[in-house]
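Scroll down for the structure; my scribbles are underneath it.
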Amino acid sequence: MPGQRTERRAPAYLDIARDLGEDIGRGRFPVGQNLPSERRLATTYGVNRQTVRAALQHLRAQGFVAGDHLGTYVLAAREGRPARPSPGPAPAHAFPGSFLRPARSAAGHGRLLRRPPDPWVAAALELPPRRAALAYDHRLRDTDGRTLQSADSWFAPVLTVLLPGLGRAAWALGEEPESGRETDLTELYGWAAAAGLRLRAADSVQLARGTAEHASPGGLEVRRTIADQHGRPLIGTVFRIADEQAELRYADSQAILPAEGRPRPAGGANRIADPDRAVLHSWASPNAPDRGLALRARIVLACEHASAEEAAGRLGHSAQLVAAWRDRFRAGGLQALEASPRKARSRPR
């Protein structure tokens, strides 16, 4: 109806992430212990497992949880982490991304349109070089309206099928002229995670050819190709940033969502406090009644002065198992070893 305001509902995976984050903050899921399984969470919230997986990936990106082959477990609170998950993807993981210095505030504006791809994008995505393709222009501007970063993206046609949100936006665009339509695609990576896509980005950096629209002379140009877990190239983006604005801190072929790999503790993180070491030795006794706990204690003790691979060889277990329990201890201390990860409680409703 004219004049009626429609409230935009957050995607289901963000609601679940916020709910689990609040449970973590209240201590319902202790540090170092598992969240319920994806299957159990999907049943609890009445969604599919891909939606649950996207919610867990969102929590990983914000530092609330980590994962290993034993499950997804809670991390200790750290400085700079929000009290609860934000209502949208973390800024570093919002589409299309940003290379601005963190202290620089900017507002994003995006337009969906159709236009021929840059030659390198056409080659990377196997698009016809002179035919208009679905594209997205995104600009980060400061309070004075100055463009601090531009990002021009093109999408492989199959992505509109894989991501219904993008497909709906493309359908609404229709055959509009090159001026395009204002569109918010910041949650595109979240859509991809919900669809079961694991995206990785490969970047190349070079000096930008300065223009009044994009970047001043001496700026940077970053060409990013994003592919899924099957190696299919799905998105090509060219970022242009003035050199005084750029903060290029990333790893080549980086994961988009989630940030893969376990947290890397600072030097000395293997050091065990004397009181904890005494408890671990008591648990690791050959006559200990809990054989599983004894093994976990021996793993942690063995990793104090050795790598996971070295400790695994000494104990006769897989490096994957050893690294998992070492990281559990780092995250949650002794209590993380006492509870079996298979016995995580579901959230009461």
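The first residue of the sequence shown is numbered 1, and numbering continues consecutively from there. What you see below is based on every heavy atom in this structure, not just the backbone, and it leaves out hydrogens, waters and symmetry mates. Since the structure is predicted, the reported quantities are computational estimates derived from the model, not experimental observations.
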Tell me every residue that passes side chain to side chain contact (heavy atoms under 4.5 Å, CB included) with Ser282, counting only those two or more places apart in sequence or in another chain.
Val279
Just so I know, are the side chains of Ser98 and Leu140 near enough to count as touching, which here means a heavy-atom distance under 4.5 Å?
yes
Ignoring hydrogens and angles, state whether a donor on the side chain of Gln57 or Arg60 is under 3.5 Å from an acceptor on the partner side chain.
no
Listed by chain and number, what are the side chain to side chain contact (heavy atoms under 4.5 Å, CB included) partners of Ala278, not counting sequence neighbours?
none
Applying the 4.5 Å side-chain criterion to the ILVMFWY set and letting contacts propagate, would Leu166 and Leu127 be lumped into a single cluster?
no
Once ring-ring contact (aromatic ring centres under 6.0 Å, His included) is applied, what residue pairs with a partner in residues 122-150 remain, sequence neighbours excluded?
Phe95-Tyr136
Check Glu221 with Arg240, please: is the shortest side-chain N to carboxylate O separation under 4.0 Å?
yes
Taking side chain to side chain contact (heavy atoms under 4.5 Å, CB included) as the test, write out the residues that go with Ala302, two or more places apart.
Ala311, Arg314, Leu315
Can you sort out the partners of Arg298 under salt bridge (Lys or Arg N to Asp or Glu O under 4.0 Å), two or more places apart, ordered by chain and number?
none
Name all residues meeting the ring-ring contact (aromatic ring centres under 6.0 Å, His included) criterion together with Phe329; count only those two or more places apart in sequence or in a different chain, and write none if there are none.
none
Measure the CZ-CZ distance between Arg296 and Arg328 for me, rounded to the nearest 0.5 Å.
10.0 Å
Flag side-chain contact, heavy atom, 4.5 Å: Leu35 against Asp23:
no
What side-chain donor-acceptor pairs closer than 3.5 Å can you find for residues 154-162, not counting sequence neighbours?
unit_1 : atom_1 : unit_2 : atom_2 : d
Trp154 : NE1    : Arg115 : O      : 3.3
Thr160 : OG1    : Pro157 : O      : 2.8

List in chain and number order the residues that pass salt bridge (Lys or Arg N to Asp or Glu O under 4.0 Å) with Asp118, two or more places apart in sequence or in another chain; answer none if no residue qualifies.
none
Cationic N near anionic O, under 4.0 Å, Asp152 to Arg139
yes
Verify, without hydrogens or angle tests, whether Gln149 (side chain) and Gly97 (backbone) share a donor-acceptor contact under 3.5 angstrom.
yes
Does Arg131 have any salt bridge (Lys or Arg N to Asp or Glu O under 4.0 Å) partners at least two apart in sequence or in another chain, and if so, which?
none
Set of residues satisfying side chain to side chain contact (heavy atoms under 4.5 Å, CB included) with respect to Ala227, sequence neighbours excluded:
none
When clusters are formed by joining ILVMFWY residues with side-chain heavy atoms under 4.5 Å apart, either directly or through shared neighbours, do Ile235 and Leu197 land in the same one?
yes
So, using side-chain hydrogen bond (donor to acceptor under 3.5 Å, both in side chains) as the criterion, who are the partners of Asn48 when residues are at least two apart?
Thr51
Under the side-chain hydrogen bond (donor to acceptor under 3.5 Å, both in side chains) rule, what do Tyr45 and Asp19 come out as? Steps first, then yes or no, please.
CA-CA 10 Å; Tyr45 288 100; Asp19 197 29; 2.6 Å; yes
Do you reckon Leu148 sits in the same ILVMFWY cluster as Ile241, going by side-chain contacts under 4.5 Å, direct or chained?
yes
Got a salt bridge between Glu38 and Arg40, using NZ or NE/NH1/NH2 to carboxylate O under 4.0 Å?
no
Keeping to residues at least two apart or across chains, list the salt bridge (Lys or Arg N to Asp or Glu O under 4.0 Å) pairs with something in residues 277-294.
Asp274-Arg277, Arg277-Glu304
Arg111 and Glu182 have their tightest heavy-atom pair at CG-OE2, 3.7 Å
